[in-house]
Student: 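Input: one structure, supplied below.
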Amino acid sequence: MRIVTYGAACSLDGFIAAADGGIDWLHFSRDVQDIMATYWATIDTVLMGRKTWDFAATQQGGGGGSDGGRRTKRGPAKGGRTARGRRGPTTYVFSRTLTEDPAPGVRLVSSDPGAFVRELKAQPGKGICVMGGGELARSLLEADVIDEVGLNVHPILLGTGVPLFRDAGRRIPLELIESRTIDGGCVYATYRVRHAS
């Protein structure tokens, strides 16, 4: 079965962005580039909520995904190619308010996130990345479909902001897989989720 990873860079007090959405405190380094290059080679699917999509679209000019731009209400669809013809990750945006795909090659999902991801995990393919935070990560943790949590913890206390985790309604035990210090005094850690069943 495919591995679903929720990953993010965060402050030591557990925020992925400042209260105004700012990420000027993030430390980009060669270590981070190497970690991301290794990780991206293991996945073929990206999941994000609408707010994360909106932010990513402003940072990257609205581009995205991979595969033909069909709205997805029932089940996951198969991936496709980027504009340059290379195989790229299939991108799904989960939203209850959008009414059409947010960009060419990016698929809108308006059905239950947990059920959708459970079905996606059962299909052949590589790993699945949950990007961003907020309600999507909460609902997927609540549905017990996230398998790993990867963090790049930064040495800063923001005090307030966009939380890395929201209440999933239960305790979720984790098992440490890897932990190491990387450039900038950051700590990179990966945890395996101990599933309820």
Side-chain angles (χ1 to χ4, degrees), residues 1-11 13-19 21 23 39 42-58 64-67 70-79 89-103 106-123 125-153 160-175 177 189-197:
M1 187 163 292
R2 301 165 75 182
I3 300 296
V4 178
T5 302
Y6 172 43
C10 64
S11 64
D13 53 350
F15 297 104
I16 58 175
I23 56 170
Y39 174 69
T42 70
I43 69 164
D44 62 8
T45 304
V46 174
L47 314 176
M48 59 182 80
R50 184 193 56 79
K51 289 179 184 176
T52 301
W53 165 257
D54 288 346
F55 179 79
T58 62
S66 58
D67 68 284
R70 292 184 301 277
R71 178 180 170 89
T72 305
K73 287 185 179 176
R74 295 190 179 94
K78 301 197 175 165
T90 302
T91 301
Y92 295 98
V93 174
F94 292 77
S95 176
R96 294 182 296 269
T97 57
L98 294 176
T99 57
E100 59 184 29
D101 292 333
V106 177
R107 298 179 182 191
L108 175 64
V109 180
S110 56
S111 60
D112 174 67
F116 183 89
V117 173
R118 195 169 287 110
E119 183 181 342
L120 195 63
K121 287 177 71 171
Q123 294 182 358
K126 296 167 76 174
I128 300 167
C129 172
V130 179
M131 194 173 274
E135 290 303 311
L136 178 60
R138 182 205 57 77
S139 65
L140 297 181
L141 285 164
E142 183 178 27
D144 202 24
V145 295
I146 291 180
D147 303 298
E148 293 183 356
V149 177
L151 304 176
N152 178 5
V153 182
T160 186
V162 179
L164 173 66
F165 295 108
R166 297 182 186 270
D167 183 12
R170 63 185 176 89
R171 291 183 179 180
I172 301 172
L174 306 172
E175 175 186 351
I177 300 172
T190 305
Y191 295 87
R192 181 178 296 115
V193 175
R194 293 182 179 172
H195 291 294
S197 55

Student: What are the two closest non-hydrogen atoms of I16 and A9, and how far apart are they?
Tutor: CG2-O, 3.5 Å
Student: Just verifying a value: how many Å separate Q123 CD and T45 OG1, rounded to the nearest 0.5 Å?
Tutor: 8.5 Å
Student: With a 3.5 Å cut-off and sequence neighbours excluded, list the donor-acceptor pairs that the side chains of residues 160-173 form with protein atoms.
Tutor:
from : atom 1 : to   : atom 2 : distance (Å)
D167 : OD1    : G169 : N      : 2.8
R170 : NH2    : L141 : O      : 2.7
R170 : NH2    : D144 : OD1    : 3.3

Student: Hey, is NZ on K121 packed in by over 12 heavy atoms from elsewhere, all under 6.0 Å?
Tutor: yes
Student: Does the R2 side chain pair with the main chain of L120, one donor and one acceptor, at a distance under 3.5 Å?
Tutor: yes
Student: If you compare all heavy atoms of Y39 against all heavy atoms of T42, which two are closest, and at what distance to 0.1 Å?
Tutor: O-OG1, 2.6 Å
Student: Near Y191 OH, under 6.0 Å, is it more than 12 heavy atoms from other residues, nucleotides or ligands?
Tutor: no
Student: Applying salt bridge (charged side-chain N to carboxylate O under 4.0 Å, His left out), can you list everything that pairs with R118, at least two apart in sequence or on another chain?
Tutor: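 If we apply the salt bridge (charged side-chain N to carboxylate O under 4.0 Å, His left out) test to R118, skipping adjacent residues, there are no hits.
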Student: Where do A17 and I23 come nearest, in terms of heavy atoms and distance?
Tutor: CB-CG2, 4.2 Å
Student: Do the non-hydrogen side-chain atoms of V109 and L47 ever get within less than 4.5 Å of each other?
Tutor: no
Student: Who are the side-chain hydrogen bond (donor to acceptor under 3.5 Å, both in side chains) partners of E142, not counting sequence neighbours?
Tutor: R138
Student: Once rounded to the nearest 0.5 Å, what's the spacing between atom CG of D112 and atom OG of S139?
Tutor: 7.5 Å
Student: Does T52 have any side-chain hydrogen bond (donor to acceptor under 3.5 Å, both in side chains) partners at least two apart in sequence or in another chain, and if so, which?
Tutor: none
Student: Kindly write out the residues that satisfy side-chain hydrogen bond (donor to acceptor under 3.5 Å, both in side chains) with S11, not counting sequence neighbours, or none if the list is empty.
Tutor: D13
Student: Return the OG1 to CE distance between T91 and M48, rounded to the nearest 0.5 Å.
Tutor: 5.5 Å
Student: Are side-chain heavy atoms of E100 and L108 found at a separation under 4.5 Å?
Tutor: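 A side-chain contact under 4.5 Å is absent here.
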Student: With a 4.5 Å heavy-atom cut-off, do V153 and C10 have their side chains touching?
Tutor: yes
Student: What's the spacing between I177 CD1 and E148 CD if we round to 0.5 Å?
Tutor: 4.0 Å
Student: Can you check whether V106 reaches W53 side chain to side chain, under 4.5 Å on heavy atoms?
Tutor: yes
Student: State the CZ-OG1 distance between R192 and T5, to the nearest 0.5 angstrom.
Tutor: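 Separation between the atoms: 10.5 Å.
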Student: Would you say the side chain of F94 lies within less than 4.5 Å of the side chain of L140, judging by non-hydrogen atoms?
Tutor: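 Side chain of L140 against side chain of F94, heavy atoms only: no contact under 4.5 Å found.
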Student: Do you know the tightest heavy-atom contact between L136 and P113?
Tutor: CD1-CB, 4.0 Å
Student: Test side-chain contact (heavy atoms from CB on, under 4.5 Å) on V193 and L174; report intermediate values, then the result.
Tutor: CA-CA 5 Å; V193 175; L174 306 172; 3.8 Å; yes
Student: Partners of S95 by side-chain hydrogen bond (donor to acceptor under 3.5 Å, both in side chains), sequence neighbours excluded?
Tutor: T97
Student: When you measure from the side chain of D44 to the backbone of G125, do you find a donor-acceptor pair of N or O atoms at a distance under 3.5 Å?
Tutor: no
